[in-house]
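Numbered from 1 within each chain, the chains take letters A, B, ... in sequence-line order.
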Number of protein chains: 2
Amino acid sequence: MKRYADMASAELKELHDKLQQEYDQFAAKGLDLNMARGKPGSEQLALSMPMLDILTSSSDCTAEDGTDCRNYGVLAGLPEARRLMAEMLGCKPNQVIVCGNASLNIEYDLVARFELEGAAGQTPWCKLDTVKFLCPAPGYDRHFRICEHFGIEMIPVQMGEDGPDMDAIEKLVADDPAIKGIWCVPQYSNPTGATYSRETVQRLAALKTAAPDFRIFWDNAYCVHDIYPDDEARRDRVDNIIDACEQAGNPDRVFEFCSTSKITFPGAGISAVAASESNISWLLESMGPQTIGYDKLNQLRHVEFLRDAAGIQEHMAKHAQFLRPRFEAVLTRLENDLGDTGIATWTRPHGGYFISFEGPEGTAKEIVARAAQAGVKLTGAGATWPYGKDPHDSNIRIAPSYPSLEDLELAAQLFTICVRLVAIEKLLA
Amino acid sequence: MKRYADMASAELKELHDKLQQEYDQFAAKGLDLNMARGKPGSEQLALSMPMLDILTSSSDCTAEDGTDCRNYGVLAGLPEARRLMAEMLGCKPNQVIVCGNASLNIEYDLVARFELEGAAGQTPWCKLDTVKFLCPAPGYDRHFRICEHFGIEMIPVQMGEDGPDMDAIEKLVADDPAIKGIWCVPQYSNPTGATYSRETVQRLAALKTAAPDFRIFWDNAYCVHDIYPDDEARRDRVDNIIDACEQAGNPDRVFEFCSTSKITFPGAGISAVAASESNISWLLESMGPQTIGYDKLNQLRHVEFLRDAAGIQEHMAKHAQFLRPRFEAVLTRLENDLGDTGIATWTRPHGGYFISFEGPEGTAKEIVARAAQAGVKLTGAGATWPYGKDPHDSNIRIAPSYPSLEDLELAAQLFTICVRLVAIEKLLA
């Protein structure tokens with residue numbers, strides 16, 4: 001295979017004709033495939049079915065401290081559920097609150113709390129003219145949507161292999177007191193799969209910020225989501241940010257989030273927030289008027305089913321068996337079709353749910369549109385950047401988990417056809 | 001029995017001595033009884049146990065529209081769950097969003113939305129110097145706590161047998177644009193058990209308010225919670241407020257809330273919010289950044305278990321069998337011990353979870369303290385009024401549901417002893 005940039009126009013045109021034929025054949029099949037969102041597939045969902053009828057008798061519904069989980073109460077979550085989630089995050093149970101079915105909900109609520117109540121005794125954000133957040137990009141569209149909803153100005157920061165560009169971040173936060181927070185997916189990042197390095201974690205914890213109420217939103221969504229659980233060299237683990245912040249003298253700077261959405265059931269899991277004990281006290285105080293407590297039966301189901309860190313690891317290895325061939329199918333297709341063309345790069349993650357793809361500048365929207373026309377839905381181009389605006393129009397998030405392996409292979413095949421078509425058109429233009 | 005006011009001092013003193021002996025005997029027993037909160041008792045919780053293992057196979061987890069309830073999505077709730085909750089409230093399924101385990105959470109979130117986003121295109125409440133809510137009192141302490149949390153000024157309005165004092169409300173809202181809302185528990189009200197009359201509902205719907213963004217928070221928590229389900233004369237049904245508001249030309253004025261907390265499990269039920277279709281559109285838009293969707297498996301469990309309005313009615317009749325004797329035990333005790341004394345009045349509700357008790361002015365705190373010292377916990381005096389301040393220090397909320405019948409009879413006995421002791425002390429002072 002040649003680099004496209006080294007190919008003559010005639011050669012490129014010939015290739016384009018051939019690819020266009022392949023594309024037309026695909027389009028004629030009337031496919032309806034989806035590589036858009038990070039939804040677990042049906043085989044993965046089946047793994048957690050034993051959890052559903054794990055509680056049957058009244059005595060099953062009693063927590064270890066005697067709490068009847070069917071009734072009201074226990075705002076911070078069951079002790080055993082706090083322990084389970086703490087084990088998963090590598091923090092202490094009293095640094096954890098276990099909530100409902102979505103960590104996104106906790107994240108949104110926390111931003112709303114800071115808007116209305118303020119952080120660290122400072123002015124509530126809703127009383128300020130401008131509030132800004134740093135948004136490592138490409139990043140998670142739903143984080144950006146929370147900021148957009150609250151009118152928080154988003155400043156993109158380039159993501160790299162070790163996390164976001166820390167030089168840029170240090171400079172930005174030192175000068176601008178309106179910068180109040182940063183969104184991080186620190187391990188198997190959405191969408192690049194990168195894991196923040198030790199240095200990145202330490203620099204974030206030690207940041208000298210003009211804002212005394214600067215907060216890190218640490219969405220550790222993929223904390224145990226390895227694709228190669230048995231291969232030490234391909235198993236990432238991000239450092240404990242809560243400890244790092246404490247050691248740096250900024251114990252209240254960070255709130256960490258996780259859930260079992262991609263461990264048990266996306267729609268019916270449990271979520272957790274972890275932070276310093278003083279942050280947890282404040283949070284419980286703030287949550288008190290909002291709810292009497294989250295679904296403790298579901299917390300108990302999860303504890304019974306997953307048991308402990310070892311149980312989670314064992315269970316996640318089963319997920320990996322379904323995810324690994326899917327990631328590898330896409331990666332192999334990308335390598336085979338685009339490997340030496342010089343028109344694209346992509347990530348090879350060790351975990352998480354996504355592959356981040358970079359095509360030629362100014363082509364992502366067109367590639368996504370072309371794929372859609374032939375029956376393959378991809379995440380909207382731009383979604384991985386604040387305001388949906390990718391400055392290079394080059395990033396596409398690929399989500400291999402949901403389709404069957406057969407469908408995924410078809411979808412990936414069509415994808416590289418679209419990439420090549422659009423890239424050639426750009427070279428010829 | 002004589003009216004205490006007609007008794008001579010010596011006679012009162014003699015009675016006091018006798019009651020004090022009875023009190024001391026109780027105190028010596030070292031009881032630990034609780035009539036404080038409206039928690040269902042264990043026999044009630046047992047009624048819904050079949051719901052817990054109603055979903056076992058993967059095919060059980062599929063909604064009627066084919067949605068896999070284990071996976072992400074469906075922000076408004078499952079179609080069949082919306083239909084169930086709509087049947088319960090007597091509104092249309094597309095006027096309903098089904099949420100998580102607590103209607104309190106929806107209520108809090110809705111106030112937070114108005115604080116941050118505003119209502120009816122008006123200024124967000126957090127940008128205003130003063131926001132006020134009308135609080136029919138005695139009322140529900142957790143409603144008042146939401147206002148207090150957000151710094152919303154509470155104006156108490158006296159509750160009567162047909163609902164709050166509408167003359168006072170009409171006057172207040174006509175003049176003051178800072179009055180943005182009212183909390184209502186319109187059927188089997190917490191704590192009085194009163195149900196708003198047709199006239200009250202119509203006057204609320206038709207209110208001429210200085211604030212264009214005035215909102216009714218209609219917490220229909222006890223919409224199907226009859227104590228005498230088979231006795232037409234003792235089965236209250238409040239009018240449909242959504243229809244009334246529409247007919248009065250104020251379709252977007254009201255948000256209605258309910259849950260299955262006191263139908264299935266308080267900690268693991270489902271909740272719903274109902275409103276005009278345009279309010280529902282706005283709400284879904286506003287909720288979009290907050291969550292991908294609530295726990296659909298739990299929604300499906302509820303639909304499978306309760307089925308429809310008839311199923312709910314049948315199930316609630318079973319709850320009534322446990323609640324009725326408890327209410328009657330307390331009411332009989334009150335009647336026997338205080339009936340002709342002239343020192344107290346109380347409500348005789350047809351549903352809900354509470355009896356509202358009015359002792360002599362300036363005695364409620366002391367009665368509650370005296371009962372606590374002898375081992376019976378009551379709802380804190382004042383809790384039924386905004387800021388915990390009962391202007392007459394006379395109201396006590398009695399919650400008969402949680403203790404066993406035997407314990408409840410003891411607790412009620414002690415309660416009337418405390419009432420009589422404190423009342424006599426006051427007469428003699």
Problem - Sequence-distant partners of Ile97(B), side-chain contact (heavy atoms from CB on, under 4.5 Å), two or more places apart - result: Cys99(B), Val273(B), Ile280(B), Leu283(B), Leu284(B), Met287(B)
Practice task
List in chain and number order the residues that pass side-chain contact (heavy atoms from CB on, under 4.5 Å) with Ala272(A), two or more places apart in sequence or in another chain; answer none if no residue qualifies.
Solution key: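 With neighbours one apart ignored, the set is Met85(A), Val96(A), Cys258(A).
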Sort out for me which of [options] touches chain B most, counting heavy-atom pairs under 4.5 Å.
| options | value |
| --- | --- |
| Gly73(A), Gly288(A), Gly151(A) | Gly288(A) |
| Val111(A), Leu55(A), Val74(A) | Leu55(A) |
| Ala46(A), Gly293(A), Pro40(A) | Pro40(A) |

Practice task
Indicate the atoms forming the closest heavy-atom contact of Ala268(A) with Leu297(B), along with that distance.
Solution key: CB-CD1, 3.7 Å
Exercise for the section: Locate the shortest heavy-atom distance separating Cys126(B) from Leu116(A); write the atom from each residue and the value. Expected result: CB-CD2, 4.0 Å
For chain B against chain A, print all donor and acceptor atom pairs separated by less than 3.5 Å.
{"residue": "Pro40(B)", "atom": "O", "partner": "Asn71(A)", "partner atom": "ND2", "Å": "3.0"}
{"residue": "Arg70(B)", "atom": "O", "partner": "Gly267(A)", "partner atom": "N", "Å": "2.9"}
{"residue": "Asn71(B)", "atom": "ND2", "partner": "Pro40(A)", "partner atom": "O", "Å": "3.0"}
{"residue": "Tyr72(B)", "atom": "OH", "partner": "Lys262(A)", "partner atom": "NZ", "Å": "3.0"}
{"residue": "Asn101(B)", "atom": "ND2", "partner": "Gly293(A)", "partner atom": "O", "Å": "3.0"}
{"residue": "Asn105(B)", "atom": "N", "partner": "Gln290(A)", "partner atom": "O", "Å": "3.2"}
{"residue": "Asp109(B)", "atom": "OD1", "partner": "Gln290(A)", "partner atom": "NE2", "Å": "2.9"}
{"residue": "Glu117(B)", "atom": "OE2", "partner": "His149(A)", "partner atom": "NE2", "Å": "3.1"}
{"residue": "Cys126(B)", "atom": "O", "partner": "Lys127(A)", "partner atom": "NZ", "Å": "2.8"}
{"residue": "Lys127(B)", "atom": "NZ", "partner": "Cys126(A)", "partner atom": "O", "Å": "2.8"}
{"residue": "His149(B)", "atom": "NE2", "partner": "Glu117(A)", "partner atom": "OE2", "Å": "3.1"}
{"residue": "Lys262(B)", "atom": "NZ", "partner": "Tyr72(A)", "partner atom": "OH", "Å": "3.0"}
{"residue": "Gly267(B)", "atom": "N", "partner": "Arg70(A)", "partner atom": "O", "Å": "2.9"}
{"residue": "Gln290(B)", "atom": "O", "partner": "Asn105(A)", "partner atom": "N", "Å": "3.3"}
{"residue": "Gln290(B)", "atom": "NE2", "partner": "Asp109(A)", "partner atom": "OD1", "Å": "2.9"}
{"residue": "Gly293(B)", "atom": "O", "partner": "Asn101(A)", "partner atom": "ND2", "Å": "3.0"}

Problem - Side-chain heavy-atom pair Ile292(B), Pro266(A) within 4.5 angstrom cut-off - result: no
Practice task
Mind running side-chain contact (heavy atoms from CB on, under 4.5 Å) on Leu45(A) and Cys61(B) for me, showing each step along the way?
Solution key: CA-CA 11 Å; Leu45(A) 298 176; Cys61(B) 299; over 6 Å; no
Exercise for the section: Tell me, for Ala112(B) versus chain A, whether the close heavy atoms (under 4.5 Å) come from the side chain, the backbone, both or neither. Expected result: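 Both parts, heavy atoms under 4.5 Å.
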